[in-house]
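Before any comments, here is the structure.
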Number of protein chains: 2
Amino acid sequence: MTLASDSIEDSVVTAILAGRLRPGTRLGESKLAEIYGVSRTRVREAMMRLEARGIVHVSARRGWFIVEPSATDARAAFQARRLIEAGMLRALHHVPADAVAHLRAHVEEERRALDAGQVGSRTCLLGDFHIHLAHTFGNPFLTDILRDLTARTTLVSMLYQSEQHAAESSDDHDRIVALLADGDFAGAAALMDEHIRRVEDGLDLAATPDPLAGLREILSPGAPAFPFAANSNTAFPNAGGEET
Amino acid sequence: MTLASDSIEDSVVTAILAGRLRPGTRLGESKLAEIYGVSRTRVREAMMRLEARGIVHVSARRGWFIVEPSATDARAAFQARRLIEAGMLRALHHVPADAVAHLRAHVEEERRALDAGQVGSRTCLLGDFHIHLAHTFGNPFLTDILRDLTARTTLVSMLYQSEQHAAESSDDHDRIVALLADGDFAGAAALMDEHIRRVEDGLDLAATPDPLAGLREILSPGAPAFPFAANSNTAFPNAGGEET
DNA sequence: CGAACCAATCTTGTATACAAGACTGATCAG
DNA sequence: CTGATCAGTCTTGTATACAAGATTGGTTCG
């Protein structure tokens, strides 16, 4: 609850959704404490809460790590998202015009990031769409649940190197909003189910997750700096999180 | 993660599901520390995690309290449960025979507690049915989510003094299991939606939650001892939680 | 008699100290 | 040159001390 802990929690989740924090990344208590200018106590509080949310896990006396979902976890997370997101759309009766406008604007933003080739911003926006949609539904519990589930599936995508055809995803989003605007909630639900299934199918869950994925990215020329590089001043560079 | 913290978390959630811990009950750090024989540090860890799960909240420098869901929260929690539980049943393809047997046994146990007039055990079992069902579905994320949501709706029932016709609930459970055994998953889903809606409709969400409900129960003759009575040795008396 | 005020007590908020285990790198034996 | 061993360092685990706000009960004044 303390403002600092909250800000740490949000930073971590936002960074995951934006693809700036990879699965398996170590989050050192002292380092985070220094970055946020707080004591280790606060950092630990935030980590405990993130652990309860299934975002990080602790390895005894080694540190906190962003979770690395197993293939089984991945399937369960996608199934949960399908069930909840499609269920929300199906349960919908009416969508206010301004909510539709808001969603349209979001999809438009996705498109722009896509055209501009902004990978980080694009990843963040594609995940954010689902959270916005949950927000539109108006059930705060489901919104929170979906934020965490979406964070997990984002980690899954990073781990199992999805093809993740961003353009197709954005097209799906566009069509879902169109169906909502038409009042075809069953259709929107069906498309959402199909959409999430498509993302899941794009993954290679049979593949052993590559433990060197992070390292490789660091070593590849032109790659963005590692978020936890020694002299990194800002916690997670390129923070581009929009409003909730 | 530390064993003690985990045990505290489980104790609290189990006690809520059993109706032994009322909304608004204060959980003092020192008292819990003494009860569990651990330091305040561990207790705080457990409370932080429970806070992240929406089970308790902290009032600055006053203490930790079991959440008291507002009418809005109540509706949202029931809606979330309906959506997820019905969704799970609808998504079901096949239920192993032993799972059906397990559920039947559970309903039988409900019936027995009902006939014996064991209120605490009955409350616990009625809530546990839904968690068992989630477990049967086999998605651990959804199971965890539903456990917390069920804890919340249990709190809601206590706050808004539901009629909560236990016998009817158990009948519903029985029929749901029968439909599952028949392979009529859509029917089971529809009945589940109706069942949860019925429980919700039994509440008086318009009523201002009675802030003295807990006190009244304590003062009424023959009431069970207050869980946090001064000389209470065990944390939550009558602990009767089954396996997960 | 009642209301406001104030001190004593209790409870959480936060930092810090120290213990214990994990890791790293050097050293040494084969 | 390779592999094992071991000391030093780093990181988390845990307890405790103390600060700050909230509550409570008594006291005083009108």
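Quick note on labels: first sequence line is chain A, next is B, and so on, each numbered from 1.
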Indicate yes or no: does A:R49 engage B:E51 in a salt bridge with an N to O separation below 4.0 Å. yes
Note: B:R122-B:E110 ion pair, threshold 4.0 Å (strictly below):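 Between B:E110 and B:R122 there is no salt bridge, as every charged N stays at least 4.0 Å from the carboxylate O atoms.
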For atom [atom1] of [X] and atom [atom2] of [N], their distance in whole Å:
{"X": "A:E34", "N": "C:dA15", "atom1": "CD", "atom2": "P", "answer": "15 Å"}
{"X": "A:E29", "N": "C:dA20", "atom1": "CD", "atom2": "C1'", "answer": "14 Å"}
{"X": "B:R42", "N": "D:dT12", "atom1": "CZ", "atom2": "P", "answer": "17 Å"}
{"X": "B:E45", "N": "D:dA15", "atom1": "CD", "atom2": "C1'", "answer": "12 Å"}
{"X": "A:Y36", "N": "C:dA15", "atom1": "OH", "atom2": "C1'", "answer": "20 Å"}
{"X": "B:R44", "N": "C:dT11", "atom1": "CZ", "atom2": "P", "answer": "14 Å"}
{"X": "B:K31", "N": "C:dC10", "atom1": "NZ", "atom2": "P", "answer": "12 Å"}
{"X": "B:M47", "N": "C:dG13", "atom1": "CE", "atom2": "P", "answer": "12 Å"}

Between B:H135 (side chain only) and B:T143 (backbone N and O only), is there a donor and an acceptor less than 3.5 Å apart? no
Got B:L125 and B:L114 here, is their nearest side-chain heavy-atom distance under 4.5 Å?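 Side-chain contact under 4.5 Å: no.
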Residues passing the side-chain contact (heavy atoms from CB on, under 4.5 Å) test with A:N139, sequence neighbours excluded, are A:F137, A:F141, A:L142, B:A76, B:Q79, B:A80
Partners of A:D144 by side-chain contact (heavy atoms from CB on, under 4.5 Å), sequence neighbours excluded?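 For A:D144 the side-chain contact (heavy atoms from CB on, under 4.5 Å) partners, ignoring immediate neighbours, are A:R147.
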Taking protein heavy atoms under 4.0 Å as touching, what does nucleotides 16-24 of chain D look like 5' to 3' if B marks base contact, S marks sugar-phosphate-only contact and - marks none? B---BSSS-
